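Note that the structure is predicted; figures quoted are calculated from it, not measured. Positions are given from 1, in the same order as the sequence printed here.
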Amino acid sequence: LTDDYAERTSLMTYRIIFLPLAILVFGAGAPELVKAGGDGLAGYRTMGLVCAVLFLVGFGVAILSTRSVPSVLRAAPGGGLREQLRAVSENADFRVLFALGTSAALAGAPYVAEYLRGSKGLTTVLFVTLVAPAILLVPAWRALAARRGKEQGFRWATICFLVGALIMATAGRTPTGVVLLGVALAGIGYAGLQPFP
(Lines give C-alpha, C1' and ligand atoms only; values in the text may rest on other atoms or scores of the structure.)
Protein backbone atom coordinates (compact mmCIF):
# COMPACT_ATOMS: atom_id res chain seq x y z
CA LEU A 1 0.00 0.00 0.00
CA THR A 2 2.91 2.36 0.64
CA ASP A 3 6.69 2.50 0.52
CA ASP A 4 6.88 5.40 2.99
CA TYR A 5 8.61 4.51 6.28
CA ALA A 6 6.26 6.58 8.49
CA GLU A 7 3.10 5.60 6.59
CA ARG A 8 3.90 1.91 7.06
CA THR A 9 4.12 2.50 10.82
CA SER A 10 0.80 4.35 10.68
CA LEU A 11 -0.90 1.51 8.80
CA MET A 12 0.49 -1.06 11.24
CA THR A 13 -0.75 1.07 14.13
CA TYR A 14 -4.34 0.74 12.91
CA ARG A 15 -3.84 -2.97 12.32
CA ILE A 16 -2.56 -3.47 15.85
CA ILE A 17 -5.47 -1.51 17.33
CA PHE A 18 -7.99 -3.80 15.62
CA LEU A 19 -6.06 -7.06 16.14
CA PRO A 20 -6.27 -7.07 19.96
CA LEU A 21 -9.86 -5.89 19.71
CA ALA A 22 -10.61 -8.98 17.60
CA ILE A 23 -8.72 -11.15 20.08
CA LEU A 24 -10.85 -9.70 22.86
CA VAL A 25 -14.12 -10.22 20.98
CA PHE A 26 -13.28 -13.80 19.99
CA GLY A 27 -11.32 -14.76 23.10
CA ALA A 28 -13.85 -13.45 25.59
CA GLY A 29 -16.93 -13.93 23.43
CA ALA A 30 -16.34 -17.45 22.16
CA PRO A 31 -16.99 -19.20 25.51
CA GLU A 32 -20.20 -17.17 25.90
CA LEU A 33 -21.31 -18.19 22.39
CA VAL A 34 -20.65 -21.84 23.22
CA LYS A 35 -22.83 -21.51 26.34
CA ALA A 36 -25.56 -19.67 24.40
CA GLY A 37 -25.54 -22.42 21.77
CA GLY A 38 -26.20 -25.11 24.36
CA ASP A 39 -22.64 -26.19 25.25
CA GLY A 40 -21.14 -29.28 23.68
CA LEU A 41 -21.13 -29.80 19.93
CA ALA A 42 -24.13 -27.55 19.28
CA GLY A 43 -22.52 -24.71 21.22
CA TYR A 44 -19.25 -25.01 19.31
CA ARG A 45 -21.12 -25.07 16.00
CA THR A 46 -22.93 -21.86 16.98
CA MET A 47 -19.66 -20.24 18.00
CA GLY A 48 -17.97 -21.36 14.77
CA LEU A 49 -20.79 -20.00 12.62
CA VAL A 50 -20.89 -16.60 14.37
CA CYS A 51 -17.10 -16.28 14.22
CA ALA A 52 -17.06 -17.23 10.53
CA VAL A 53 -19.59 -14.50 9.73
CA LEU A 54 -17.57 -11.93 11.71
CA PHE A 55 -14.38 -12.96 9.90
CA LEU A 56 -16.10 -12.59 6.52
CA VAL A 57 -17.35 -9.11 7.46
CA GLY A 58 -13.82 -8.10 8.50
CA PHE A 59 -12.28 -9.48 5.32
CA GLY A 60 -14.94 -7.73 3.23
CA VAL A 61 -14.29 -4.37 4.90
CA ALA A 62 -10.54 -4.73 4.33
CA ILE A 63 -10.99 -5.63 0.66
CA LEU A 64 -13.59 -2.98 -0.13
CA SER A 65 -11.81 -0.16 1.71
CA THR A 66 -8.50 -0.74 -0.10
CA ARG A 67 -9.66 -1.69 -3.60
CA SER A 68 -8.99 1.76 -5.05
CA VAL A 69 -5.57 2.15 -3.40
CA PRO A 70 -2.75 1.65 -5.92
CA SER A 71 -0.33 -1.18 -5.22
CA VAL A 72 3.28 -0.33 -4.49
CA LEU A 73 5.59 -3.19 -5.46
CA ARG A 74 9.35 -2.89 -5.35
CA ALA A 75 9.88 -6.32 -6.87
CA ALA A 76 7.69 -9.00 -8.33
CA PRO A 77 6.66 -11.59 -5.71
CA GLY A 78 8.51 -14.88 -5.93
CA GLY A 79 6.05 -17.50 -7.14
CA GLY A 80 2.31 -17.75 -6.93
CA LEU A 81 0.22 -18.64 -3.89
CA ARG A 82 0.42 -22.36 -4.62
CA GLU A 83 4.25 -22.25 -4.76
CA GLN A 84 4.42 -20.21 -1.55
CA LEU A 85 2.11 -22.61 0.29
CA ARG A 86 4.17 -25.56 -0.97
CA ALA A 87 7.36 -23.92 0.35
CA VAL A 88 5.78 -23.43 3.78
CA SER A 89 4.36 -26.96 3.87
CA GLU A 90 7.78 -28.43 3.04
CA ASN A 91 9.43 -26.64 5.96
CA ALA A 92 8.79 -29.04 8.86
CA ASP A 93 10.53 -26.83 11.43
CA PHE A 94 8.34 -23.86 10.53
CA ARG A 95 5.15 -25.95 10.72
CA VAL A 96 6.04 -27.24 14.19
CA LEU A 97 7.05 -23.78 15.44
CA PHE A 98 3.89 -22.19 14.02
CA ALA A 99 1.63 -24.85 15.57
CA LEU A 100 3.33 -24.65 18.97
CA GLY A 101 3.41 -20.85 19.05
CA THR A 102 -0.21 -20.45 18.03
CA SER A 103 -1.45 -23.17 20.38
CA ALA A 104 0.53 -21.86 23.35
CA ALA A 105 -0.63 -18.29 22.80
CA LEU A 106 -4.31 -19.20 22.43
CA ALA A 107 -4.33 -21.73 25.28
CA GLY A 108 -2.40 -19.52 27.71
CA ALA A 109 -5.26 -17.50 29.21
CA PRO A 110 -7.65 -20.43 29.81
CA TYR A 111 -4.78 -22.52 31.20
CA VAL A 112 -3.64 -19.82 33.64
CA ALA A 113 -7.23 -19.07 34.68
CA GLU A 114 -8.44 -22.63 35.19
CA TYR A 115 -5.38 -24.63 36.21
CA LEU A 116 -3.07 -22.11 37.86
CA ARG A 117 -5.67 -19.78 39.41
CA GLY A 118 -8.58 -22.24 39.75
CA SER A 119 -11.15 -19.94 38.10
CA LYS A 120 -12.65 -20.40 34.64
CA GLY A 121 -14.26 -16.98 34.99
CA LEU A 122 -10.82 -15.38 35.11
CA THR A 123 -10.25 -16.22 31.41
CA THR A 124 -12.23 -13.20 30.22
CA VAL A 125 -10.49 -10.93 32.73
CA LEU A 126 -7.09 -12.14 31.47
CA PHE A 127 -8.07 -11.48 27.84
CA VAL A 128 -9.27 -7.98 28.71
CA THR A 129 -6.12 -7.29 30.75
CA LEU A 130 -3.95 -8.39 27.82
CA VAL A 131 -5.89 -6.62 25.10
CA ALA A 132 -6.94 -3.31 26.68
CA PRO A 133 -3.39 -1.97 27.17
CA ALA A 134 -2.50 -3.16 23.68
CA ILE A 135 -5.39 -1.21 22.15
CA LEU A 136 -4.86 1.92 24.25
CA LEU A 137 -1.08 2.18 23.96
CA VAL A 138 -0.50 1.49 20.27
CA PRO A 139 -0.47 5.26 19.58
CA ALA A 140 2.23 5.66 22.25
CA TRP A 141 4.40 3.06 20.49
CA ARG A 142 3.82 4.91 17.22
CA ALA A 143 4.94 8.18 18.84
CA LEU A 144 8.04 6.46 20.22
CA ALA A 145 8.86 5.13 16.75
CA ALA A 146 8.54 8.64 15.30
CA ARG A 147 10.76 10.13 18.00
CA ARG A 148 13.35 7.40 18.66
CA GLY A 149 13.04 5.03 15.71
CA LYS A 150 11.46 1.62 15.21
CA GLU A 151 14.52 -0.30 16.36
CA GLN A 152 14.51 1.46 19.74
CA GLY A 153 10.76 0.90 20.03
CA PHE A 154 11.21 -2.80 19.25
CA ARG A 155 13.83 -3.10 22.01
CA TRP A 156 11.54 -1.51 24.60
CA ALA A 157 8.55 -3.59 23.48
CA THR A 158 10.61 -6.78 23.73
CA ILE A 159 11.79 -5.92 27.26
CA CYS A 160 8.24 -5.05 28.33
CA PHE A 161 6.85 -8.31 26.90
CA LEU A 162 9.67 -10.34 28.49
CA VAL A 163 9.11 -8.83 31.95
CA GLY A 164 5.37 -9.49 31.63
CA ALA A 165 5.98 -13.09 30.54
CA LEU A 166 8.37 -13.71 33.43
CA ILE A 167 5.79 -12.41 35.89
CA MET A 168 3.13 -14.59 34.26
CA ALA A 169 5.41 -17.61 34.67
CA THR A 170 4.85 -17.29 38.43
CA ALA A 171 1.04 -17.41 38.06
CA GLY A 172 0.68 -20.52 40.21
CA ARG A 173 2.46 -18.94 43.19
CA THR A 174 1.67 -15.22 43.13
CA PRO A 175 -1.45 -13.18 43.90
CA THR A 176 -3.94 -12.58 41.09
CA GLY A 177 -3.12 -8.86 41.03
CA VAL A 178 0.54 -9.62 40.26
CA VAL A 179 -0.51 -12.04 37.50
CA LEU A 180 -2.76 -9.37 36.01
CA LEU A 181 0.14 -6.88 36.12
CA GLY A 182 2.27 -9.37 34.17
CA VAL A 183 -0.51 -9.90 31.64
CA ALA A 184 -0.92 -6.13 31.22
CA LEU A 185 2.84 -5.66 30.70
CA ALA A 186 2.81 -8.46 28.14
CA GLY A 187 -0.11 -6.72 26.39
CA ILE A 188 1.77 -3.43 26.32
CA GLY A 189 4.85 -5.16 24.90
CA TYR A 190 2.74 -7.13 22.42
CA ALA A 191 1.32 -3.86 21.06
CA GLY A 192 4.87 -2.74 20.27
CA LEU A 193 6.17 -6.08 19.00
CA GLN A 194 3.63 -6.15 16.17
CA PRO A 195 4.27 -2.96 14.16
CA PHE A 196 8.04 -2.55 14.54
CA PRO A 197 9.41 -5.58 12.66
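Once rounded to the nearest 0.5 Å, the distance linking CZ of Arg147 with CZ of Arg142 reads 12.5 Å. Here CG of Leu130 is found 7.5 Å from OH of Tyr190. Values are rounded to the nearest 0.5 Å. Note: Leu116 CG to Thr174 OG1 = 9.5 Å, rounded to the nearest 0.5 Å.
Connection of Leu54 to Leu33 is established within a shared hydrophobic cluster, with ILVMFWY side chains joined at heavy-atom distances below 4.5 Å, either directly or through further cluster members. Note: the hydrophobic cluster containing Met47 does not contain Val57 (ILVMFWY, side chain heavy atoms under 4.5 Å, direct or indirect links). When hydrophobic clusters are built by joining Ile, Leu, Val, Met, Phe, Trp and Tyr residues whose side-chain heavy atoms come closer than 4.5 Å, directly or via intermediates, Ile167 is grouped together with Ile159.
The backbone N or O of Gly189 lies less than 3.5 Å from no partner atom in the side chain of Trp141, so there is not a single donor-acceptor pair. A distance-only check finds no donor-acceptor pair linking the side chain of Arg148 to the backbone of Gly153 [under 3.5 Å].
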Practice task
Using the side-chain contact (heavy atoms from CB on, under 4.5 Å) rule, take Arg67 and Leu64 through it: C-alpha gap first, then chi angles, then the decisive distance, then the call.
Solution key: CA-CA 5 Å; Arg67 68 181 172 190; Leu64 294 174; 3.5 Å; yes
Practice task
Apply side-chain contact (heavy atoms from CB on, under 4.5 Å) to the pair Leu126 and Leu180, showing each step before the final yes or no.
Solution key: CA-CA 7 Å; Leu126 290 175; Leu180 293 174; 3.7 Å; yes
Exercise for the section: Begin with the C-alpha distance, continue with both residues' side-chain angles, and end with the deciding distance and a verdict on side-chain contact (heavy atoms from CB on, under 4.5 Å) for Val112 and Met168. Expected result: CA-CA 9 Å; Val112 168; Met168 287 167 51; 5.5 Å; no
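Side-chain contact between Thr176 and Leu122: present, with at least one pair of heavy atoms (C-beta onward) separated by less than 4.5 Å. Using a 4.5 Å heavy-atom cutoff, the side chains of Lys35 and Asp39 are in contact. By the 4.5 Å heavy-atom criterion applied to side chains, Phe161 and Leu185 are not counted as neighbours.
Nearest approach of Ile188 to Pro133, heavy atoms of both residues: CG1-CB, 3.5 Å.
Between Phe55 and Phe59, the ring planes are parallel. Angles under 30° get that label, and only those over 60° would be called perpendicular.
With respect to Glu83 and Arg86, no salt bridge is recorded, no charged nitrogen being found less than 4.0 Å from a carboxylate O.
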